[in-house]
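Below is one structure, written out as structure tokens, with a few remarks after it.
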Amino acid sequence: MIVWLNGTHGAGKTTTSALVQQLIPDSRVFDAEKVGETLMDITPGLPETDNFQHWPPWRPLVVETARRVLDYAGGTLVMPMTVLVEKYWREISAGLAQHAIPVRHFVLHADQDTLRGRIEGDTVMGPSAFRLAYLEPYAEAARTWLHKEAEVIDTTHLTPPQAAQQVAASLRS
């Protein structure tokens, strides 16, 4: 199974995914961003883009990597990854379904002010114009399709351990 933690930058996906992994027996964290980083390392580079998710190989490579890891190791993959383009989410989820891999899709949500504050106050990665630029696309995706496609966990007033507990409790029910 895959536990996909979606949501924009600052929602708590990375931190929560590590905590969820500790709560789910036989699970591993697979950050699909690493697939994008591999594509970014190709030289000479692939066509210019502002987001590796726009490269057509990224989506099927995420599916294939997840499938291969699950075939090899079994268990559950916890995947913290923002996907805000509905077409891309459909492609990934259809690819996983084609391999009979069940997906529990969660969106870690926080209000815009909280997200902005977390990004601007990030002491690990530092403030980031790139991350801030995704606040409005996230809000648009949340309004139009994303919150209908997933279980939404509002992290505005939750600590990462509390968010992880909510994900784990939902998986048990």
Sidechain-backbone polar pair: Trp4 side chain, Met81 backbone, donor-acceptor under 3.5 Å: yes
Could you check whether any side-chain N or O of Trp55 sits under 3.5 Å from a backbone N or O of Gly36, counting only pairs where one atom can act as donor and the other as acceptor? no
Which atom pair, heavy atoms only, marks the closest approach of [X] to [Y]?
X: Pro56; Y: Arg59; value: CA-NH2, 3.6 Å
X: Pro80; Y: Val29; value: CD-CG1, 3.9 Å
X: Gly7; Y: Val107; value: CA-CG1, 4.2 Å
X: Gly74; Y: Arg28; value: O-NH1, 3.9 Å
X: Leu19; Y: Ala164; value: CB-CB, 3.5 Å
X: Arg131; Y: Gly126; value: NH1-O, 3.9 Å

Partners meeting side chain to side chain donor-acceptor pair (under 3.5 Å) with Asp71 (sequence neighbours left out): Arg67
Ser17: what forms a side chain to side chain donor-acceptor pair (under 3.5 Å) with it, not counting sequence neighbours? none
Please examine the side chains of [Y] and [X], heavy atoms only from C-beta on, and report whether any two atoms are closer than 4.5 Å.
X: Phe52; Y: Thr38; answer: no
X: Ile92; Y: Val103; answer: no
X: Leu39; Y: Leu61; answer: yes
X: Gln98; Y: Val63; answer: no
X: Gln165; Y: Gln162; answer: no
X: Leu132; Y: Glu120; answer: yes
X: Asn6; Y: Thr82; answer: yes

Stepwise side-chain contact (heavy atoms from CB on, under 4.5 Å) test for Val35 and Phe30: CA-CA 10 Å; Val35 174; Phe30 166 42; 3.9 Å; yes
Would Tyr138 and His9 satisfy ring-ring contact (aromatic ring centres under 6.0 Å, His included), going step by step from the backbone distance to the final call? CA-CA 9 Å; Tyr138 167 73; His9 305 283; over 10 Å; no
Rounded distance (nearest 0.5 Å) linking atom [atom1] of [X] with atom [atom2] of [Y]:
X: Leu115; Y: Tyr134; atom1: CG; atom2: OH; answer: 15.0 Å
X: Leu84; Y: Trp145; atom1: CG; atom2: CH2; answer: 7.0 Å
X: Leu171; Y: Met1; atom1: CG; atom2: CE; answer: 5.0 Å
X: Trp89; Y: Gln53; atom1: CH2; atom2: CD; answer: 11.0 Å
X: Leu5; Y: Ile153; atom1: CG; atom2: CD1; answer: 8.0 Å
X: Leu77; Y: Leu70; atom1: CG; atom2: CG; answer: 4.0 Å

State plainly whether one hydrophobic cluster holds both [X] and [Y], where clusters connect Ile, Leu, Val, Met, Phe, Trp and Tyr through side-chain heavy atoms under 4.5 angstrom apart.
X: Val85; Y: Leu46; value: yes
X: Val62; Y: Ile2; value: yes
X: Ile101; Y: Trp58; value: yes
X: Phe106; Y: Val78; value: yes
X: Leu146; Y: Leu108; value: no

Look at atom CE of Met125 and say whether more than 12 heavy atoms of other residues, nucleotides or ligands are closer to it than 6.0 Å. no
More than 12 heavy atoms from other groups under 6.0 Å of CZ on Arg90: yes
Go through the steps to decide whether Glu86 and Arg143 satisfy the test salt bridge (charged side-chain N to carboxylate O under 4.0 Å, His left out), and finish with yes or no. CA-CA 12 Å; Glu86 183 177 10; Arg143 278 191 299 274; over 6 Å; no
Please identify which of these residues, Gln166, Lys13, Arg118, meets the side-chain hydrogen bond (donor to acceptor under 3.5 Å, both in side chains) condition with Thr155. Arg118
Pair His54 and Tyr88, ring centroids less than 6.0 Å apart: yes
Strictly by modelled atom types, are Arg104 and Thr76 linked by a side-chain donor-acceptor pair under 3.5 Å? no
